[in-house]
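To start, the structure under review is shown below, and the notes come after it.
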Amino acid sequence: MDSAVGRIPAAEVQRHRSATSCWVLCGRRVYDVTVFLRLHPGGQRLLLSRAGCDVSRELQGPPHRHSRNALRWLEQYYIGELQEDEQGVAGQASEERWHPATAVPPATSYKMDPRCKTVDPDNDLVDWKKPLLWQVGHLKEKYDEWVHQPVDRPIRLFHSDFIESCSKTAWYIVLAVWVPVVLYCSWFCYTSLAQGNTRLFTSFTTEYTIPVHHYWFPLLFLLGMLIWSLLEYTIHRFIFHMKPPASNYYLITLHFMLHGQHHKSPFDSSRLVFPPLPASLVIGFLYGVILLLFPKIVGQSIFVGGLFGYVVYDMIHYYLHYGSPKEGTYLYELKAYHVKHHFEHQKSGFGITSKLWDHPFHTLIPEETEQTH
């Protein structure tokens, strides 16, 4: 490559057509999309099939019309221009398809980690070299548009290294902390119900109370999961997606800490699940509310189902961002649905583990645009 002018020969582009180094063209512009392969909503193989080719037609659709944010996202992977008088060679390659047996391993690497630059470094509204949490409140009326323009780079929130580390969580920590709690509480609730001492409506009457046997436990557990799914939808829609007043520095900062950071950098793997410490505070509050509404063991049985629902929610959410579900499966459709929420339909598609509550509350992503991402 001619580093002085950023020109890349078409033959060099053709050398980068594998899972270890994948380049694509959009007109004369060359992009290294290697780091995006496993994140691609349509699956890794679909993107690999276009390696070394001009993807201009695919970006505009049909069948998949890519959103403005998706096109903006692509610019993060720009590495140079196709060398003069060689676009015809690349055009011929656009009719080819990638196959593992014929993929040519890369001979030279011009990779630049996309997380080291912004899409528009001269006009970015924040200083990425400093913690963002204390900057976003100053964006005022520009915050809402800025936070919904996703980028592929890690986010630092705090000055303190210790507090910053506490704000990040690996996905398996959720399993390590909460699965033992779910198992113990499930055993405790089941054995307690098996003693036959639990009855409903004892606070109102002694004549018409209803005994709660141990075989009720699975139903109470499922009820807890259903309640959690509604709570998940409600929190996501009305708290995480509130539009903070442009004049309120503190509400903007709070919104960014709770959820805005996730929309700004949706593939920051350390911020895709809820840290156990703040999660325990929310879970403790919900536990208290449940015990106020139901008899102790009944409430605990519902609560443990809700807690399991939360664990499932966190794991599915992580997988929707970093997994590669098989085409045609439920999770494949859910991944595409969730990506559309991030890139184009931030005011709809609030369901994470399902579209269950998007239907009755009329927040389903419109069918005519479901092919856009």
(message) When you measure from the centre of the six-membered ring of Y337, is the NZ or CZ of K355 closer than 6.0 Å and no more than 45° off the axis?
(response) yes
(request) Kindly confirm or rule out a cation-pi arrangement of R153 over W128, judged by NZ or CZ under 6.0 Å from the six-membered ring centre and within 45° of its axis? (result) yes
[atom1] of [X] to [atom2] of [Y]: how many Å apart, nearest 0.5 Å?
X    : Y    : atom1 : atom2 : answer
L356 : L226 : CG    : CG    : 7.0 Å
S67  : K340 : OG    : NZ    : 11.0 Å
Y190 : H214 : OH    : NE2   : 4.0 Å
H138 : T253 : NE2   : OG1   : 7.5 Å
Q60  : C26  : CD    : SG    : 7.5 Å

Are [X] and [Y], when compared by the centres of their aromatic rings, separated by less than 6.0 Å?
X    : Y    : answer
H338 : H345 : no
F343 : W73  : yes
Y313 : W228 : yes

Between [X] and [Y] (side chain of the first, backbone of the second, donor and acceptor by atom type, cut-off under 3.5 Å), is there such a pair?
X    : Y    : answer
D358 : F350 : yes
H255 : F240 : yes
Q346 : H342 : yes
S265 : H262 : no
S56  : G27  : yes
H66  : L59  : yes
S186 : V182 : yes
D268 : I155 : yes

[Y] and [X], any side-chain heavy atoms less than 4.5 Å apart:
X    : Y    : result
R7   : L82  : no
V273 : M315 : yes
F221 : S301 : no
W134 : L157 : no
R237 : F361 : yes
Q76  : V151 : yes
F162 : C166 : yes
V33  : L47  : yes

(request) Give the cluster check for Y233 versus M242: same hydrophobic cluster or not, with ILVMFWY residues linked at side-chain heavy-atom distances below 4.5 Å. (result) no
(request) With sequence neighbours left out, write down each residue that passes salt bridge (Lys or Arg N to Asp or Glu O under 4.0 Å) with R156, or none if nothing qualifies. (result) D161
(message) For R29, give me all partners under salt bridge (Lys or Arg N to Asp or Glu O under 4.0 Å), at least two apart in sequence or on another chain.
(response) E75, E81
Would you say [atom1] of [X] has more than 12 non-hydrogen atoms from neighbouring residues, nucleotides or ligands within 6.0 angstrom?
X    : atom1 : result
K347 : NZ    : yes
Y172 : OH    : no
Y250 : OH    : no
E141 : CD    : yes
K140 : NZ    : no

Please report the closest heavy-atom contact between [X] and [Y], naming both atoms and the distance.
X    : Y    : answer
D314 : L272 : OD1-O, 4.1 Å
R28  : Q83  : NH2-O, 2.8 Å
Y143 : P244 : CE2-CG, 3.9 Å
C22  : L48  : SG-CD2, 4.1 Å
P41  : V339 : CG-CG1, 3.5 Å
K335 : G323 : NZ-O, 3.2 Å

(message) So, applying side-chain contact (heavy atoms from CB on, under 4.5 Å) with F303, which one of V289, L291, L220, I283 is it?
(response) I283
(request) Could you please spell out the steps behind the ring pair (Phe, Tyr, Trp, His ring centres under 6.0 Å) verdict for H236 and H317? (result) CA-CA 12 Å; H236 191 192; H317 185 215; 7.8 Å; no
